[in-house]
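Have a look at the structure below before the remarks.
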There are 2 protein chains.
Amino acid sequence: MSDLVTRLRRHNWRITPQRRVIAETLEGSHVHFTAEEILERAVERMPELSRATVYNTLNEMVALGEVLELTLDGRSKRYDPNADHEHHHLICEGCGLMKDVHAMADPVDWLPGDERHGFSVTRASITYRGLCPECQAAAS
Amino acid sequence: MSDLVTRLRRHNWRITPQRRVIAETLEGSHVHFTAEEILERAVERMPELSRATVYNTLNEMVALGEVLELTLDGRSKRYDPNADHEHHHLICEGCGLMKDVHAMADPVDWLPGDERHGFSVTRASITYRGLCPECQAAAS
DNA sequence: TCCTAGCTTAGACTATGTCTAAACAAAGAA
DNA sequence: TTCTTTGTTTAGACATAGTCTAAGCTAGGA
Ligand SMILES: [Mn+2]
Ligand SMILES: [Mn+2]
Ligand SMILES: [Zn+2]
Ligand SMILES: [Zn+2]
């Protein structure tokens with residue numbers, strides 16, 4: 001679980017100033033930012049940074065396997081720098097708060113052979129949904 | 001597991017001709033259509049049907065809990081009439097083919113209490129990914 | 001019949017993301 | 001150093017998915 005820039009460098013992928021700022025912005029906070037949120041924050045450090053570079057860079061980091069792209073609602077994609085650390089997500093249906101979680105079992109093991117339809121099943125992700133403490137309090 | 005129109009009627013929700021055509025189109029084939037795919041097919045039966053009505057109607061059926069909205073890739077949402085039948089999805093990363101699948105256990109039970117961050121966790125869905133038989137053959 | 005509430009419509013609008021063409025920057029060759 | 005090549009960045013046009021608005025339509029009740 002080394003830092004994202006270090007992991008990216010291993011792919012002989014040029015770490016330009018723009019890419020560094022984007023990677024550091026993504027990894028800096030432990031939430032799951034959208035591309036626009038990353039742009040908004042990265043521009044504070046590099047005002048001339050363009051929207052296209054943010055989108056291009058995020059897509060390249062996803063293609064390299066060092067960042068995960070999450071499409072948990074129908075809105076913007078979210079980017080997760082935690083790609084070297086298997087986990088799932090828990091989302092509040094009230095406010096959208098998202099937490100990383102770790103299940104006790106690998107869901108791939110829980111899919112019987114006769115439910116696989118001849119597929120080779122390589123991975124599985126679980127999306128848990130519920131209400132966070134604040135939204136539970138607000139609802140009662 | 002009664003049909004979708006029957007389930008919708010129980011909510012004293014008016015079944016207009018447009019809504020009936022949309023519900024029947026959605027349920028007719030056993031795939032997971034996008035809104036545009038439903039419009040395309042429904043328009044063959046009702047040429048004056050509008051895009052807005054398809055979107056409005058799908059959103060209402062989701063709000064009634066009788067249709068599931070799936071956002072499995074970052075593209076269009078897909079609509080699943082199978083809301084009264086708990087299941088998960090298996091997706092081919094080659095061609096996008098999607099199958100309904102049934103796991104052997106409820107993933108909510110695999111999430112330890114200390115991983116719940118105080119949330120009340122009500123449901124979980126699993127997205128399995130892999131390659132379908134055709135895409136495996138094409139890749140080898 | 002008329003009235004009302006809800007439903008449908010076309011098209012404008014918004015949000016998210018991709019593409020293009022030109023400018024720019026870095027690295028290697030000479 | 002200068003030249004060349006290759007990859008990167010940029011602004012803005014474009015594409016797609018979906019929502020909103022205002023007007024018209026329809027069904028059912030008074
Ligand atoms: Mn995460
Ligand atoms: Mn399904
Ligand atoms: Zn919440
Ligand atoms: Zn396939």
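Keep in mind that the numbers below use all heavy atoms, side chains included, and drop hydrogens, waters and symmetry copies. The structure presented is a predicted model; accordingly, all values stated were derived computationally and were not measured. So that the names make sense, note that chain A is the first sequence line, chain B the second, and so on, each numbered from 1.
- Looking at heavy-atom distances under 4.0 Å, B:T53 makes contact with a base.
- Between the CG atom of B:D73 and the P atom of C:dT16 there is a distance of 17 Å, given to the nearest Å.
- For the pair A:R51 and A:E36, the minimum side-chain heavy-atom distance is below 4.5 Å.
- Within the structure, every side-chain polar atom (N or O) of B:Q18 is placed at least 4.0 Å from both OP1 and OP2 of D:dT26.
- In this structure, the CG atom of B:N56 is 13 Å from the C1' atom of C:dA10, given to the nearest Å.
- One interatomic measurement links the two molecules: CD of A:E48 to C1' of D:dT8, which rounds to 13 Å at whole-angstrom precision.
- The residues B:R78 and B:E37 are annotated as salt-bridged, a charged nitrogen and a carboxylate oxygen being separated by less than 4.0 angstrom.
- OP1 or OP2 of C:dC7 lies within a sub-4.0 Å distance of a side-chain N or O belonging to B:R19.
- Mapping B:M46 and A:R75 onto DNA chain C via the closest heavy atom, the residue that lands nearer the 5' end is B:M46.
- Phosphate contact (OP1/OP2 of D:dT8, side-chain N/O of A:T16, threshold under 4.0 Å): absent.
- Checking B:D100 against B:H85 by side-chain atom types alone, no donor-acceptor pair falls below 3.5 Å.
- With salt bridges taken as basic N to acidic carboxylate O contacts below 4.0 Å, none links B:E93 and B:R129.
- Checking the phosphate oxygens (OP1, OP2) of C:dT18, no side-chain nitrogen or oxygen of A:Y55 falls inside 4.0 Å.
- When rounded to the nearest whole Å, the span between CG of B:N12 and P of D:dG28 equals 14 Å.
- Positionally, the nearest nucleotide of DNA chain D for A:T57 lies more toward the 5' end than for the other of B:K77 and A:T57.
- Across all strands, B:E36 comes closer than 4.0 Å to no nucleic acid atom at all (heavy-atom distances).
- Separating the CD atom of A:E37 from the C1' atom of C:dT16 is a distance of 13 Å, rounded to the nearest angstrom.
- No contact: A:R51 has no heavy atom under 4.0 Å from any strand.
- Protein atom CG of A:L58 is 10 Å distant from nucleotide atom P of C:dG17, rounded to whole Å.
- B:R14 comes within 4.0 angstrom of sugar-phosphate atoms only, judged by non-hydrogen atoms across all strands, and of no base.
- OP1 and OP2 of D:dT9 both lie 4.0 Å or more from every side-chain N or O belonging to A:S50.
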Next on the checklist: B:R19 vs B:L8, test: side chain to side chain contact (heavy atoms under 4.5 Å, CB included). Steps then yes/no.
Outcome noted: CA-CA 10 Å; B:R19 288 173 176 178; B:L8 289 167; over 6 Å; no
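- For the pair A:F33 CZ and C:dG17 P, the interatomic distance rounds to 15 Å; values are reported in whole Å.
- Counting to the nearest Å, the C1' atom of D:dA17 and the CG atom of B:N59 are 12 Å from each other.
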